[in-house]
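Notes to accompany the following structure.
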Amino acid sequence: MGKLDGKTAIVTGAAQGLGEGIARRFAGEGATTIIVDRTDASELAAELPLSSAGKKATAVVADVTDRAMAEMVIAEAVGRHGRLDILVNNAGTYHVRNLIDETVESFRQQFEVNTYAVFAWSRAAARNMRDQGWGRIINTSSQLGKVAREGYGIYSASKAAVILLTQALALELGPYGVTANAICPGTMATQLLSTADGRPGMEYAAELGVDLDTAFRDYVADRIPVGRLGVPGDIGALAAFLASDDGGFITGAALNLTGGEQVFF
Ligand SMILES: NC(=O)c1ccc[n+]([C@@H]2O[C@H](COP(=O)([O-])OP(=O)(O)OC[C@H]3O[C@@H](n4cnc5c(N)ncnc54)[C@H](O)[C@@H]3O)[C@@H](O)[C@H]2O)c1
């Protein structure tokens, strides 16, 4: 028996990193899992176990900023599986740059992926969840959605907006059996962490003369009380709990998943 037996879930940005961790855990807990990413994740989908309903995980190639695509993918999921129970808005992006050096284009791009897409996909999913009287919306925000850090101004603002959108959804949808929560990861070991300005992290670090292994070891020792970076399985476990019946009384929360790096409310 899995925590998510009989459920159908969409996870965006799940071709790799934290989203992959969520998709793997959801499939392992019995959910019929649909991976949405701008890169093709069909190999990952083929690796995932069959759901409790005997269905294969599937991969859809889509840019989350495409609203028409959001509505189409959600309508297709409902058409094919009878219902959509869980939506995880996880796709995200960032540029590291001080605000005074930022461009309007970068502002728009980060807000479109990190914030607008959360609205577009949640709206489409919530209409179905409200009508069926059960649903879970989980949005990946960030610890930087609660605190500013130099170089991450636009990213922080886009992730703070995700928290407030999530809370508003929770208030609107609570009466219909639908919860909405945000997860605020700290420093997680994924590809996103090791890229800056779109350049591969290793290349960028070499350019700066930084030894990444040492840099991360020092960072962990200085800033993360539990003594390690987060991993995709950490968010998979929390998302699966929030998505399950056990998570039914948690809504409107912005849960820290930081190993103690940030301990704010
Ligand atoms: N890694 C961290 O330390 C960290 C910390 C806090 C929050 N987050 C958030 O967690 C989420 C996942 O981050 P990650 O570290 O796994 O990143 P990642 O770069 O490893 O993975 C992000 C995934 O999202 C996909 N994606 C990006 N833009 C997309 C778009 N427009 N349409 C469809 N797919 C798109 C990418 O193809 C990729 O598969 C993001 O929202 C990120 O902001 C990450």
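One-based numbering, in listed order, for ligands and for the atoms of each. Both backbone and side-chain heavy atoms feed into the values below; hydrogens, waters and symmetry mates do not. For the single chain, residues carry numbers from 1 onward in sequence order.
Listed by atom number, the atoms of ligand 1 under 4.0 Å from Gly92 heavy atoms are 27 (C), 40 (C), 41 (O). Against a heavy-atom cut-off of under 4.0 Å, Thr140 is close to the following atoms of ligand 1: 9 (C), 10 (O), 11 (C). For ligand 1, the atoms lying closer than 4.0 Å to a non-hydrogen atom of Met188 are 1 (N), 2 (C), 3 (O). For ligand 1, the atoms closer than 4.0 angstrom to any heavy atom of Ser141 are 7 (C), 9 (C). The contact set between ligand 1 and Gly17, taken as ligand atoms under 4.0 Å from a residue heavy atom, comprises 16 (O), 20 (O). With ligand atoms numbered from 1 in the order given, ligand 1 contributes 39 (O) to contacts under 4.0 Å with heavy atoms of Ala15. Of all atoms in ligand 1, listed by their number and element, those nearer than 4.0 Å to a heavy atom of Leu18 are 10 (O), 16 (O), 44 (C).
For ligand 1, none of its N or O atoms has an N or O atom of Pro185 under 3.5 Å away. The distance criterion of under 3.5 Å between nitrogen or oxygen atoms is met by Val64 with respect to ligand 1. Note: no N/O pair closer than 3.5 Å links Thr65 and ligand 1 by distance alone. In terms of polar-atom proximity, Thr93 is not counted as a contact of ligand 1, lacking any N or O under 3.5 Å from an N or O of the ligand.
Among residues two or more places apart in sequence or in another chain, the side-chain hydrogen bond (donor to acceptor under 3.5 Å, both in side chains) test is passed with Thr32 by Ser51.
In this structure, CG on Leu229 lies 5.0 Å from CD1 on Ile224, to the nearest 0.5 angstrom.
Residue contact check for ligand 1: Tyr155 places a non-hydrogen atom closer than 4.0 Å to it. A heavy-atom separation below 4.0 Å is found between Ala62 and ligand 1. The shortest heavy-atom distance from Ala189 to ligand 1 is not under 4.0 Å. For the pair Lys159 and ligand 1, a heavy-atom separation below 4.0 Å is found.
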Mind running salt bridge (charged side-chain N to carboxylate O under 4.0 Å, His left out) on Glu47 and Arg24 for me, showing each step along the way? CA-CA 9 Å; Glu47 255 182 51; Arg24 283 188 183 279; 2.8 Å; yes
From CA spacing to verdict: salt bridge (charged side-chain N to carboxylate O under 4.0 Å, His left out), Glu71, Arg123: CA-CA 9 Å; Glu71 285 174 12; Arg123 186 177 61 167; 3.7 Å; yes
List the steps and the verdict of side-chain contact (heavy atoms from CB on, under 4.5 Å) for Ile34 and Thr8. CA-CA 8 Å; Ile34 301 160; Thr8 301; 4.1 Å; yes
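Looking at Thr12, Asp37, Ile22, it is Asp37 that brings a heavy atom closest to atom 37 (O) of ligand 1.
Heavy atoms of Asp63 found under 4.0 angstrom from ligand 1 belong to the backbone as well as the side chain. With a 4.0 Å cut-off on non-hydrogen atoms, Asn90 touches ligand 1 through its backbone as well as its side chain. For Cys184, no heavy-atom contact with ligand 1 is shorter than 4.0 Å.
Other residues, nucleotides and ligands place no more than 12 heavy atoms under 6.0 Å from the CZ atom of Arg67.
Here the side chain of Asn181 pairs a donor or acceptor atom with the backbone of Ile250 at under 3.5 angstrom. In this structure, Asp66 contributes its side chain and Met69 its backbone to a donor-acceptor pair below 3.5 Å.
The distance between the ring centers of Tyr116 and Phe111 does not fall below 6.0 angstrom.
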Quick one: side chains of residues 56-64, donor-acceptor pairs under 3.5 Å with protein atoms, not counting sequence neighbours, listed by atom name and distance.
from: Asp63; atom 1: OD1; to: Thr65; atom 2: N; distance (Å): 2.9
from: Asp63; atom 1: OD1; to: Thr65; atom 2: OG1; distance (Å): 2.7

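Only one option out of Glu261, Arg223, Gln262, Arg228 pairs with Thr187 in a side chain to side chain donor-acceptor pair (under 3.5 Å); it is Glu261.
Heavy atoms only, all atoms of each residue included: Ala182 and Ile163 are closest at CB-CG1, 4.4 Å.
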